[in-house]
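Each remark here refers to the structure printed beneath this line.
Being a predicted model, the structure only gives us computed values, none of them experimental.
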Amino acid sequence: MRYRTIAGTDISVSELGFGVWTVAAGWWGDYSDDEAVTLLRQGHERGINFFDTADTYGNGRGETILAQAFPGAERDKIVIATKFGYDWESQIGKRREGHQEAPHCFEPEFLQRALDGSLRRLGTDRIDLWQLHNVRMEHLERDDVWSFLDRVRREGKVRSVGAALGPAIGWREEGLYALAERQVEVVHMIYNALELDPGRELIAAARAAGRSLMVRVPHSSGMLEGKYTVDTVFDENDHRRHRPRAWLINGLKKIAQLDFLTEATGGVLGQAALRYILKDPEIVCTLPNIYGLEQIEEFAGASDCGDVGPEVAARIEALYDSNYGLPVEQEAAVTAAGRGSR
């Protein structure tokens with residue numbers, strides 16, 4: 001496993017991170033606490049030290065599971081990222097259609113309760129990376145939010161701050177503003193070989209500002225793992241089941257054109273897709289959707305693959321800019337469907 005340091009900090013994170021969302025929120029199958037803890041520990045045994053969760057994942061379960069996996073002194077062996085900004089507790093017991101977002105709240109009094117709650121559930125006295133969850137511009141522009149964040153940094157309860165963009169791909173203005181105008185160490189975005197924008201612009205902005213980036217959905221919801229076929233059927237509780245079939249068919253046509261990427265890195269497609277993202281030093285960590293030991297071992301092996309050079313990267317950009325030779329459709333909406341409020 002290779003490691004990178006978050007800009008402006010001494011926090012070293014594994015190139016492969018573990019998003020606790022997959023084992024806590026029920027979108028990628030149901031896991032008992034024991035199953036989830038086992039998978040988290042298996043990830044750590046293979047070099048993963050960065051674990052990303054949120055207070056809203058499973059209504060706090062994403063944090064308590066992490067505390068179960070790394071209790072006591074074992075907590076010091078890992079880097080914990082969590083998120084804040086959703087008033088999810090007020091929605092417990094209320095009906096929410098599909099994966100509808102809970103209401104946001106960024107009042108300082110609420111943020112203090114959110115921080116205290118996360119620290120308690122995580123069983124720790126500090127959070128290594130605390131991220132504004134699916135933040136909107138109106139939240140980023142609030143000076144009282146940043147005054148609060150400055151205070152909890154000084155108190156040592158928060159080591160670094162990030163802005164997690166989403167839920168769907170996009171949020172260009174928020175990312176650019178956070179990087180240029182606010183004291184964030186990290187912007188957390190969607191970016192992969194099939195979805196380059198607005199990631200390309202955010203990479204340039206992070207480089208100019210001396211900040212770091214983290215990437216979720218690096219395999220485009222599994223498409224770049226190279227395991228799908230035209231006969232793939234997703235489970236009933238898998239969010240990908242609700243996407244139009246065109247998402248699957250068009251995606252397969254695109255990845256069929258990426259043999260040069262696997263040849264350049266010497267890895268399988270799932271590994272090569274991670275190495276493509278990590279070509280930019282501003283990107284310190286990738287967060288694929290992990291839901292099994294086989295994936296952990298494959299993705300961790302990406303650190304043993306060759307790096308992606310500028311010629312290969314340029315070929316990917318050319319394919320993307322031509323929509324991989326396919327008719328231009330409203331693919332952004334299709335791809336975003338089902339991502340919900342992660």
Side-chain angles (χ1 to χ4, degrees), residues 1-22 39-53 66 69-70 77-82 128-129 131 159-160 162 164-165 185-196 199-200 202-203 206-207 210-220 222 224-226 258 261-262 264-310 312-313 316:
M1 181 66 67
R2 302 188 219 177
Y3 300 83
R4 300 186 179 191
T5 301
I6 296 174
T9 78
D10 61 355
I11 302 172
S12 176
V13 298
S14 47
E15 289 184 332
L16 174 68
F18 197 129
V20 183
W21 180 69
T22 53
L39 203 57
L40 293 169
R41 294 186 67 85
Q42 288 172 331
H44 185 256
E45 290 165 2
R46 286 153 180 82
I48 297 173
N49 79 337
F50 182 77
F51 294 85
D52 177 74
T53 188
L66 196 53
F70 304 100
K77 299 177 181 178
I78 66 171
V79 177
I80 294 177
T82 191
D128 300 304
L129 174 62
Q131 303 162 91
R159 296 179 66 196
S160 63
L165 308 180
E185 282 77 22
V186 171
V187 163
H188 186 156
M189 66 178 184
I190 294 174
Y191 177 69
N192 58 66
L194 302 182
E195 302 171 281
L196 299 189
R200 289 186 287 189
L202 293 173
I203 291 170
R207 184 176 303 129
R211 310 293 176 84
S212 292
L213 299 166
M214 292 184 177
V215 169
R216 66 183 179 93
V217 200
H219 291 116
S220 194
L224 286 163
E225 291 181 40
L258 293 176
L261 180 59
T262 57
T265 60
V268 298
L269 183 59
Q271 296 169 328
L274 296 177
R275 291 258 53 95
Y276 170 73
I277 291 168
L278 290 162
K279 71 187 185 304
D280 295 293
E282 293 76 23
I283 296 174
V284 295
C285 186
T286 60
L287 290 153
N289 293 317
I290 294 174
Y291 43 92
L293 178 58
E294 181 180 352
Q295 286 180 306
I296 293 174
E297 292 181 336
E298 177 181 313
F299 299 158
S303 281
D304 298 323
C305 296
D307 291 328
V308 171
V312 172
I316 296 238

query = Do Y191 and L196 pass the side-chain contact (heavy atoms from CB on, under 4.5 Å) test, and can you show the C-alpha distance, the side-chain angles, and the key distance before you say yes or no?
reply = CA-CA 6 Å; Y191 177 69; L196 299 189; 3.8 Å; yes

key: Nearest-0.5 Å distance, CE of residue M1 to CG of residue D304   = 9.0 Å

request  = Write down the atom of S14, the atom of G47, and the distance for their closest heavy-atom approach.
outcome  = CB-O, 3.6 Å

request  = Determine yes or no for a side-chain-to-main-chain donor-acceptor pair under 3.5 angstrom, with R4 supplying the side chain and I283 the backbone.
outcome  = yes

task = Evaluate side-chain contact (heavy atoms from CB on, under 4.5 Å) for F18 paired with L39, printing each intermediate quantity in order.
result = CA-CA 10 Å; F18 197 129; L39 203 57; 4.0 Å; yes

request  = Say whether, by atom type as modelled, one donor and one acceptor occur between the side chain of Q295 and the main chain of Y291 under 3.5 angstrom.
outcome  = yes

task = Please round to the nearest 0.5 Å and tell me the distance separating atom CG of L66 and atom CD1 of I80.
result = 5.0 Å

inquiry  = I'd like to know if the side chain of R2 and the backbone of S303 have a donor-acceptor N/O pair within less than 3.5 Å.
reply    = yes

query = Does R275 have any salt bridge (charged side-chain N to carboxylate O under 4.0 Å, His left out) partners at least two apart in sequence or in another chain, and if so, which?
reply = E15, D307

query = For the residue pair L224 and P218, what are the closest heavy atoms and their distance?
reply = CD1-O, 3.8 Å

ask   = Taking it one step at a time, do V13 and N49 satisfy side-chain contact (heavy atoms from CB on, under 4.5 Å)?
value = CA-CA 6 Å; V13 298; N49 79 337; 4.3 Å; yes

message = To the nearest 0.5 Å, what is the distance between CD on Q131 and CG on L165?
response = 10.0 Å

task = Look at the side chain of N289 and the backbone N and O of H219, then say whether any donor-acceptor pair between them is shorter than 3.5 Å.
result = no

query = Could you go step by step and tell me if R41 and H44 meet the side-chain contact (heavy atoms from CB on, under 4.5 Å) rule?
reply = CA-CA 5 Å; R41 294 186 67 85; H44 185 256; 5.5 Å; no

note = When every non-hydrogen atom of A313 is compared with those of V308, the smallest separation belongs to N-CG1, 4.0 Å

query = Any donor and acceptor pair, going by atom type alone, linking the side chain of D128 with main-chain N or O of R159 inside 3.5 Å?
reply = no

key: Contact summary for A264 and V312, nearest pair of heavy atoms   = CB-CG2, 3.7 Å

query = With distance as the sole test, does D280 use its side chain to make a donor-acceptor pair with the main-chain N or O of E282 at under 3.5 Å?
reply = no

query = Under a 4.5 Å cut-off applied to non-hydrogen side-chain atoms, are H188 and D52 in contact?
reply = yes

inquiry  = Please verify the inter-ring angle class for F51 with F70; under 30° counts as parallel, over 60° as perpendicular, anything in between as tilted.
reply    = tilted

task = Please round to the nearest 0.5 Å and tell me the distance separating atom CZ of R216 and atom CE of M189.
result = 11.5 Å

inquiry  = Run the side chain to side chain donor-acceptor pair (under 3.5 Å) test on Q271 and T265 for me, step by step, so that the C-alpha distance in whole Å, both residues' side-chain angles and the decisive distance to 0.1 Å come before the verdict.
reply    = CA-CA 8 Å; Q271 296 169 328; T265 60; over 6 Å; no

query = Quick one: does L129's side chain get under 4.5 Å of I11's, heavy atoms only?
reply = no

key: Nearest non-hydrogen partners of A7 and G210, listed with the distance   = CB-O, 3.3 Å

task = Mind checking the OG-CG spacing from S220 to N192? Nearest 0.5 Å is all I need.
result = 4.5 Å

inquiry  = Side chains of F299 and I48, heavy atoms from C-beta outward: is any pair under 4.5 Å?
reply    = no

key: Side chains of I316 and L258 in contact at under 4.5 Å (non-hydrogen atoms)   = yes

inquiry  = Given 3.5 Å as the limit, does a donor-acceptor pair link the side chain of T286 with the main chain of V215, or not?
reply    = no

request  = Taking all non-hydrogen atoms of both residues into account, name the closest pair between G17 and P288 and its distance.
outcome  = O-CD, 3.9 Å

ask   = Taking atom OH of Y276 and atom CG of L269, what is their separation to the nearest 0.5 Å?
value = 13.0 Å

